[in-house]
Asks: 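This is the structure I want to talk about, given as structure tokens.
Basis for what follows: all heavy atoms, side chains included, without hydrogens, waters or symmetry-related copies. Remember, predicted model here, so these are calculated numbers, not experimental data.
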Amino acid sequence: MEYQDIIKDWKQQKFKSLYWLEGEEDFFIDQVTAYAEHQLLPEAERGFNLTVLYGKDTDWSTVVNACRRYPMFAERQVVILKEAQAMKDLLKLEAYIDNPLSSTIFVVAHKQGKIDGRSKLAKLIKEKGVLLSTKKLYDNQLPAWVEAYVSGQGLAISQKAAILLVDHIGNDLSRIANEIDKLLVNLPAQKKIDEGDIEKYVGISKEYNVFELQNALGQKDTSKVYRIIAYFAANPKAAPIQMTLPALYNFFAKVNLIFSVKGNEKEVASTLGVHPFFVKDYMNAARQYGPEGTEKAVLLLHQYNLRSIGVNDSGVEDGELLKELMYKIMN
């Protein structure tokens, strides 16, 4: 089950006694937990019928006692256990989960992984409740996720704007969603979000960012590469070198894979694990650099990444270090 499905059921007044939220992606768990805490009960009922506990500060008996209470002046109560992974005696919840109270909606937020699927507790969860098991999205899935999230808020976003946002923030859905929510406050209804909006409201230059540097470097567009590097040097917060070098390393590492891939652009995209929108950029870079040039770029990026954190370096400024690296990669 997806996190949106749980919330959709709740909006339709369809409830189960247990919702177990676990896995690697905190954003999905937080979305369900926040809805349970702030939307499941009317505000007037929360004082009596909402209990929020934290795994590191509670134990199984306190949790079970809260779940076995009957609601006051209402049909149901909500009990939320946050940070369940920190509760030492978590397995002792088995007895309650095997025989839950129908008037209690028990929501468990278990982050940083999953419980053992072979355990009795895992089997009871699947039998008695709703299990949400979350995974981190792959990088090539992020632009589509951004488009879907924006669409769910009643707006649209251009593909380039979605890619620009993802390229700047990375695989952090909470931060991406927060930036999108800020955009929604500032933009008129029904407007399509474009790169100009990202530049204006998120603070990411549509011309001077790691994504544009990557493209310019892939095309060996010397003047554009040095123009972007000069901007980075003058605006260190725009693209810190510790973020820039790993992004470029990842780019050339994927370009290097192209030489061992056969098939059409869709198959190449699947093998590289990138959005099809990017494939032409990777293939063009492969033509520009060839196998030897690509391998050289990967090695140089690894070497300069170490220098950027002080290994075998005499204190060269980040801007000069990038400029020197770009020259060596392109020549």
Side-chain angles (χ1 to χ4, degrees), residues 1-41 46 49-71 75-142 145 171-174 177 273:
M1 177 174 279
E2 301 293 329
Y3 83 96
Q4 302 99 320
D5 297 326
I6 294 175
I7 294 174
K8 182 179 178 182
D9 282 350
W10 286 349
K11 288 179 178 179
Q12 296 175 352
Q13 299 294 296
K14 297 176 182 177
F15 304 109
K16 296 285 187 180
S17 297
L18 171 69
Y19 294 88
W20 189 279
L21 322 172
E22 66 176 22
E24 302 166 353
E25 182 47 74
D26 292 352
F27 176 80
F28 301 135
I29 295 173
D30 290 340
Q31 290 289 294
V32 177
T33 306
Y35 192 96
E37 186 172 353
H38 302 291
Q39 302 294 331
L40 275 186
L41 297 174
R46 291 175 206 155
N49 296 310
L50 172 65
T51 303
V52 179
L53 301 167
Y54 291 83
K56 63 181 179 179
D57 300 322
T58 192
D59 56 31
W60 74 275
S61 60
T62 302
V63 176
V64 170
N65 287 337
C67 289
R68 290 208 179 279
R69 281 202 312 262
Y70 287 95
E75 291 183 23
R76 61 185 64 87
Q77 69 157 342
V78 174
V79 177
I80 302 173
L81 175 60
K82 297 183 177 181
E83 301 174 6
Q85 73 280 358
M87 197 170 93
K88 295 178 181 179
D89 46 11
L90 187 66
L91 293 179
K92 291 185 177 180
L93 295 178
E94 288 175 0
Y96 174 77
I97 290 174
D98 192 28
N99 186 28
L101 199 65
S102 60
S103 57
T104 295
I105 300 172
F106 184 28
V107 180
V108 180
H110 185 285
K111 296 181 178 180
Q112 302 171 14
K114 307 174 183 179
I115 61 168
D116 187 346
R118 300 166 297 180
S119 66
K120 180 182 177 182
L121 179 58
K123 293 173 183 176
L124 283 172
I125 291 167
K126 292 177 182 177
E127 179 185 344
K128 303 288 185 174
V130 173
L131 172 65
L132 174 67
S133 185
T134 69
K135 294 181 181 180
K136 281 281 187 185
L137 297 181
Y138 293 112
D139 290 349
N140 62 316
Q141 296 174 307
L142 292 173
W145 183 85
N171 198 338
D172 186 335
L173 299 191
S174 296

Asks: Does atom NZ of K128 have more than 12 heavy-atom neighbours, drawn from other residues, nucleotides or ligands, at distances under 6.0 Å?
Replies: yes
Asks: Apply side-chain contact (heavy atoms from CB on, under 4.5 Å) to A122 and list each qualifying residue two or more places apart in sequence or on a separate chain.
Replies: I115, S119
Asks: Should I80 and L50 count as side-chain neighbours, where that means a heavy-atom distance under 4.5 Å?
Replies: yes
Asks: Which atom pairs, one a donor and one an acceptor, fall under 3.5 Å between side chains of residues 2-13 and the rest of the protein, sequence neighbours left out?
Replies:
{"residue": "D5", "atom": "OD2", "partner": "E2", "partner atom": "N", "Å": "3.2"}
{"residue": "W10", "atom": "NE1", "partner": "Y19", "partner atom": "OH", "Å": "3.1"}
{"residue": "Q12", "atom": "OE1", "partner": "K14", "partner atom": "NZ", "Å": "3.2"}

Asks: Return all side-chain donor-acceptor pairs below 3.5 angstrom for residues 82-93, not counting sequence neighbours, or 'none' if the list is empty.
Replies:
{"residue": "K82", "atom": "NZ", "partner": "E37", "partner atom": "OE1", "Å": "2.9"}
{"residue": "Q85", "atom": "OE1", "partner": "K111", "partner atom": "N", "Å": "2.9"}
{"residue": "D89", "atom": "OD1", "partner": "W60", "partner atom": "N", "Å": "3.3"}
{"residue": "D89", "atom": "OD2", "partner": "W60", "partner atom": "N", "Å": "3.4"}

Asks: What's the spacing between L132 CG and Q31 CD if we round to 0.5 Å?
Replies: 11.5 Å
Asks: Pairs of donor and acceptor atoms involving the side chains of residues 97-109, under 3.5 Å and at least two apart or interchain, shall be tabulated with distances.
Replies:
{"residue": "T104", "atom": "OG1", "partner": "C67", "partner atom": "O", "Å": "2.7"}
{"residue": "T104", "atom": "OG1", "partner": "Q77", "partner atom": "NE2", "Å": "3.0"}

Asks: Hey, what do you get for CG (D26) to CG (L21), rounding to the nearest 0.5 Å?
Replies: 11.0 Å
Asks: Which distance, rounded to the nearest 0.5 Å, do you find between the CH2 of W145 and the CG of L173?
Replies: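 Going from CH2 on W145 over to CG on L173, the span is 4.5 Å.
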Asks: Please lay out, stage by stage, how W20 and L121 fare under the test side chain to side chain contact (heavy atoms under 4.5 Å, CB included).
Replies: CA-CA 11 Å; W20 189 279; L121 179 58; 4.0 Å; yes
Asks: Can you name the side chain to side chain donor-acceptor pair (under 3.5 Å) partners of S133, sequence neighbours left out?
Replies: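 Residues passing side chain to side chain donor-acceptor pair (under 3.5 Å) with S133: K114.
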Asks: Begin with the C-alpha distance, continue with both residues' side-chain angles, and end with the deciding distance and a verdict on side chain to side chain contact (heavy atoms under 4.5 Å, CB included) for L40 and F15.
Replies: CA-CA 10 Å; L40 275 186; F15 304 109; 3.6 Å; yes
Asks: Pair T134, F27 - check side chain to side chain contact (heavy atoms under 4.5 Å, CB included), show working.
Replies: CA-CA 9 Å; T134 69; F27 176 80; over 6 Å; no
Asks: Hydrogens and angles aside, do T33 and D30 bring a side-chain donor and acceptor to less than 3.5 Å of each other?
Replies: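 Note: T33 and D30 side chains miss the donor-acceptor criterion.
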Asks: Can you name the residues that form a salt bridge (Lys or Arg N to Asp or Glu O under 4.0 Å) with E22, not counting sequence neighbours?
Replies: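 Residues passing salt bridge (Lys or Arg N to Asp or Glu O under 4.0 Å) with E22: none at all.
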Asks: Do you know which two heavy atoms are closest between R76 and N49, and how far apart they sit?
Replies: O-CB, 3.9 Å
Asks: Can you name the nearest heavy-atom pair linking E94 to K120, along with the distance?
Replies: OE1-CD, 3.6 Å
Asks: Taking the side chain as every heavy atom from C-beta outward, state whether L142 and N171 have any pair of such atoms under 4.5 Å apart.
Replies: yes
Asks: On a heavy-atom basis, which atom in A66 and which in L53 lie closest, and how many Å separate them?
Replies: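 For A66 and L53, the tightest heavy-atom pair comes out as CB-CD1, 4.4 Å.
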